[in-house]
Amino acid sequence: MVKPTENILLAMKQVGVTRVEIITGFGTSPASRQQLSLGMRAVILGKHPMLVTKEKQDKVVRQSGLDFTIIQPPTLTFGPATHAYRYGDYPHKSIRGSISRADLAEFMITNLSENRYHQESVYIQN
């Protein structure tokens with residue numbers, strides 16, 4: 001997973017694209033795991049091989065020199081857009097949450113058009 005990310009970031013730089021958003025899972029970076037309860041951290045750490053790859057991807061994006069946002073949703077659903085989702089810093093984040101793909105797409109487009117969440121990751125869920 002890291003090599004494709006590296007290739008995409010390189011291609012973006014070559015054609016002058018300066019802003020990137022990536023979607024990963026909540027709890028897949030050390031910083032986001034610290035926001036989880038001890039029980040949720042134990043569940044995530046049970047998926048260790050996936051974490052190694054996701055942590056490498058996170059590092060590659062952060063060190064790319066591009067303006068980035070790393071979006072960390074929990075489970076994605078095929079539900080309709082609700083336009084009612086939480087994001088950013090709020091209590092009781094959980095990997096058990098969900099968000100519809102439509103709401104995630106809306107957030108991503110809004111995030112880009114309003115120039116929010118530069119050089120950081122953000123959690124989002126319905």
Mind checking side-chain contact (heavy atoms from CB on, under 4.5 Å) for [X] and listing every partner two or more places apart, or none if nothing turns up?
| X | result |
| --- | --- |
| L112 | R19, E21 |
| Q14 | L10 |
| Q63 | K59 |

Applying a strict under-4.5 Å side-chain criterion to I, L, V, M, F, W and Y, I'd like to know whether [X] and [Y] cluster together.
| X | Y | answer |
| --- | --- | --- |
| Y117 | I71 | yes |
| I124 | I23 | yes |
| V17 | V61 | yes |
| I8 | I70 | yes |

>> By the salt bridge (charged side-chain N to carboxylate O under 4.0 Å, His left out) test, which pairs, at least two apart or in different chains, include something from residues 110-126?
In response: E114-R116
> At their closest point, which heavy atom of G88 faces which heavy atom of V122, and how far apart are they?
Replying inline: N-CG2, 3.4 Å
>> Please find the pair of heavy atoms, one from R62 and one from D58, that lie closest to each other, and give the distance.
In response: NE-OD1, 2.6 Å
> Can you find a heavy atom in the side chain of H118 that is under 4.5 Å from one in the side chain of T69?
Replying inline: no
> Does any N or O in the side chain of Q119 come within less than 3.5 Å of the main-chain N or O of F68, such that one atom is a donor and the other an acceptor?
Replying inline: yes
> Can you tell me if T18 uses its side chain to pair, donor with acceptor, with the backbone of L66 under 3.5 Å?
Replying inline: no
> Would you say the side-chain atoms of Q57 and T5 include a donor-acceptor pair closer than 3.5 Å?
Replying inline: yes
>> Return the CD1 to OG1 distance between I22 and T24, rounded to the nearest 0.5 Å.
In response: 6.0 Å
Taking only distance into account, with no hydrogens and no angle test, what donor-acceptor pairs under 3.5 Å do side-chain atoms of residues 98-108 form with protein atoms, sequence neighbours excluded?
{"from": "S100", "atom 1": "OG", "to": "P80", "atom 2": "O", "distance (Å)": "3.3"}
{"from": "S100", "atom 1": "OG", "to": "D103", "atom 2": "N", "distance (Å)": "3.0"}
{"from": "S100", "atom 1": "OG", "to": "D103", "atom 2": "OD2", "distance (Å)": "3.3"}
{"from": "R101", "atom 1": "NH1", "to": "L76", "atom 2": "O", "distance (Å)": "3.4"}
{"from": "R101", "atom 1": "NH1", "to": "T77", "atom 2": "O", "distance (Å)": "3.2"}
{"from": "D103", "atom 1": "OD1", "to": "T82", "atom 2": "N", "distance (Å)": "2.9"}
{"from": "D103", "atom 1": "OD1", "to": "H83", "atom 2": "N", "distance (Å)": "2.9"}
{"from": "D103", "atom 1": "OD2", "to": "T82", "atom 2": "N", "distance (Å)": "3.1"}
{"from": "D103", "atom 1": "OD2", "to": "T82", "atom 2": "OG1", "distance (Å)": "2.5"}
{"from": "D103", "atom 1": "OD2", "to": "N126", "atom 2": "ND2", "distance (Å)": "2.7"}
{"from": "E106", "atom 1": "OE1", "to": "H83", "atom 2": "ND1", "distance (Å)": "2.4"}
{"from": "E106", "atom 1": "OE2", "to": "Y85", "atom 2": "OH", "distance (Å)": "2.8"}

>> Applying salt bridge (Lys or Arg N to Asp or Glu O under 4.0 Å), can you list everything that pairs with R86, at least two apart in sequence or on another chain?
In response: none
